[in-house]
Amino acid sequence: MTTAAPPLAEILASPSAVLVLDGGLSTRLESARYDLDDDLWSARLLAEEPEGLVAAHHAYYEAGADVVTSAGYQATFEGFARRGVGRDRAAGLLRLGVDLVREAARRARAGGVTRPLWVAASIGPYGAMLADGSEYRGRYGLGVDALEAFHRPRLEAVAAARPDVLALETVPDADEARALLRAVRGLGVPAWLSYTVDGERTRAGQPLEEAFGLAADADEVVAVGVNCCAPKDARRAVEVAARVTGKPVVVYPDSGETWDAAAGGWRGRPTFSADLAEEWRRAGARLVGGCCRVGPDAVAAVSDRLRG
């Protein structure tokens, strides 16, 4: 495993356990003045600026995150191929994403962090590879078999790096969840399954009871929940996930601001807060953090609140 820490599933089995996740990787990278206006998004830095990724991951460990997620969200064989990157090199970059988080954890421990630290390998949905916002719609026109065929080779490459957990995240559609749950079988690495939602439905429109229920009997899945959604939608989703699956719940919503594609900027005010994180914990969440526009300062506040 990544560290001397006990297996994540073992920790999550305790009803009193609560672990802090990191925030948005792109948020930290943009604050460090990296240009992420690219179809590969933060995955571009795997080849071009790996040290920048280590620094971003390290900032979240230093802020209080127990679990930090790799730059794998838009890292796919297909996406790299469009840049002329061959399959062997792409597989190496997929593994590198895990190794860079592992290096950040090593530096955090060298700097005096004594709590257990875990590495999550980000696995984004099929729509992330398209880089056109499809991950917020789902319904790609592909069947479960085709989606499984897309996800399995990437999962195999990432699993070879032995992360502590595979973060199957920002999943918009129950059909894609079915494909992912089939694709993780036999890899020997636990996973969490996290939907992006709108109200009490997936982005593709399925009821959350149905969507979460798919993971109830999946032995590979150690947590189920939501991410990349409005903070106001998180608590109800946590409650439903806990009730339907009986599994630990993972929750890491966005800041609450909204992206204005026409204007090319964020609108509204942040609504993410450590007070809400405490509510999510009481509702059953065992893994709590943030997604887009949630940075190290917000993660530090969540850590202080949940540990306090």
Under a 3.5 Å threshold, yes or no: a donor from one side chain and an acceptor from the other, between [X] and [Y]?
{"X": "R203", "Y": "T196", "value": "yes"}
{"X": "S134", "Y": "D132", "value": "yes"}
{"X": "T202", "Y": "Q206", "value": "yes"}
{"X": "E135", "Y": "Y126", "value": "no"}
{"X": "E169", "Y": "Y252", "value": "yes"}
{"X": "S42", "Y": "Q74", "value": "no"}
{"X": "H151", "Y": "E176", "value": "yes"}

For the [atom1] atom of [X] and the [atom2] atom of [Y], what is their distance to the nearest 0.5 Å?
{"X": "L21", "Y": "S303", "atom1": "CG", "atom2": "OG", "answer": "11.5 Å"}
{"X": "D175", "Y": "E148", "atom1": "CG", "atom2": "CD", "answer": "13.0 Å"}
{"X": "D217", "Y": "L181", "atom1": "CG", "atom2": "CG", "answer": "10.5 Å"}
{"X": "D198", "Y": "E200", "atom1": "CG", "atom2": "CD", "answer": "11.0 Å"}
{"X": "R269", "Y": "T258", "atom1": "CZ", "atom2": "OG1", "answer": "12.0 Å"}
{"X": "N227", "Y": "C292", "atom1": "CG", "atom2": "SG", "answer": "8.5 Å"}

Residue pair [X] / [Y]: nearest heavy atoms and the distance that separates them:
{"X": "Y61", "Y": "R115", "answer": "O-NH2, 2.5 Å"}
{"X": "A242", "Y": "A283", "answer": "CB-O, 4.3 Å"}
{"X": "W280", "Y": "P253", "answer": "CH2-CG, 3.3 Å"}
{"X": "I123", "Y": "R154", "answer": "CG2-NH2, 3.5 Å"}
{"X": "L12", "Y": "A17", "answer": "CA-CB, 4.5 Å"}

Quick one: are [X] and [Y] in side-chain contact, heavy atoms under 4.5 Å?
{"X": "P125", "Y": "Y73", "value": "yes"}
{"X": "V158", "Y": "V98", "value": "yes"}
{"X": "L29", "Y": "L45", "value": "yes"}
{"X": "V54", "Y": "V101", "value": "no"}
{"X": "F80", "Y": "L46", "value": "yes"}
{"X": "W192", "Y": "V224", "value": "no"}
{"X": "L36", "Y": "E30", "value": "yes"}

Query raised in the report: Please, which pairs that meet salt bridge (Lys or Arg N to Asp or Glu O under 4.0 Å) have at least one residue in residues 91-101, sequence neighbours excluded?
Result: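 Matches after skipping sequence neighbours: D99-R102.
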Query raised in the report: What salt bridge (Lys or Arg N to Asp or Glu O under 4.0 Å) pairs are there with at least one residue in residues 69-80, not counting sequence neighbours?
Result: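 Counting only pairs at least two positions apart or across chains, no salt bridge (Lys or Arg N to Asp or Glu O under 4.0 Å) contact touches residues 69-80.
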Could you check whether [X] pairs with [Y] (Lys NZ or Arg NE/NH1/NH2 to Asp/Glu carboxylate O, under 4.0 Å)?
{"X": "R83", "Y": "D39", "result": "no"}
{"X": "E239", "Y": "R243", "result": "no"}
{"X": "R107", "Y": "E51", "result": "yes"}
{"X": "R44", "Y": "E48", "result": "yes"}

Query raised in the report: Mind checking whether F212 and Y195 have ring centres under 6.0 Å apart?
Result: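 They qualify: ring centres under 6.0 Å apart.
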Whether [X] side chain and [Y] backbone form a donor-acceptor pair below 3.5 Å:
{"X": "D164", "Y": "V119", "answer": "yes"}
{"X": "D66", "Y": "L117", "answer": "no"}
{"X": "D22", "Y": "A65", "answer": "no"}
{"X": "K247", "Y": "A241", "answer": "no"}
{"X": "S122", "Y": "T69", "answer": "no"}
{"X": "W118", "Y": "P7", "answer": "no"}

Query - Partners meeting side-chain contact (heavy atoms from CB on, under 4.5 Å) with E257 (sequence neighbours left out) - result: S255, W266, P270, R293
Report task. May I ask you to check if R28 and Y60 form a cation-pi contact, with NZ or CZ under 6.0 angstrom from the six-membered ring centre and within 45° of the axis? Result ->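 Checked: cation-pi criterion not met.
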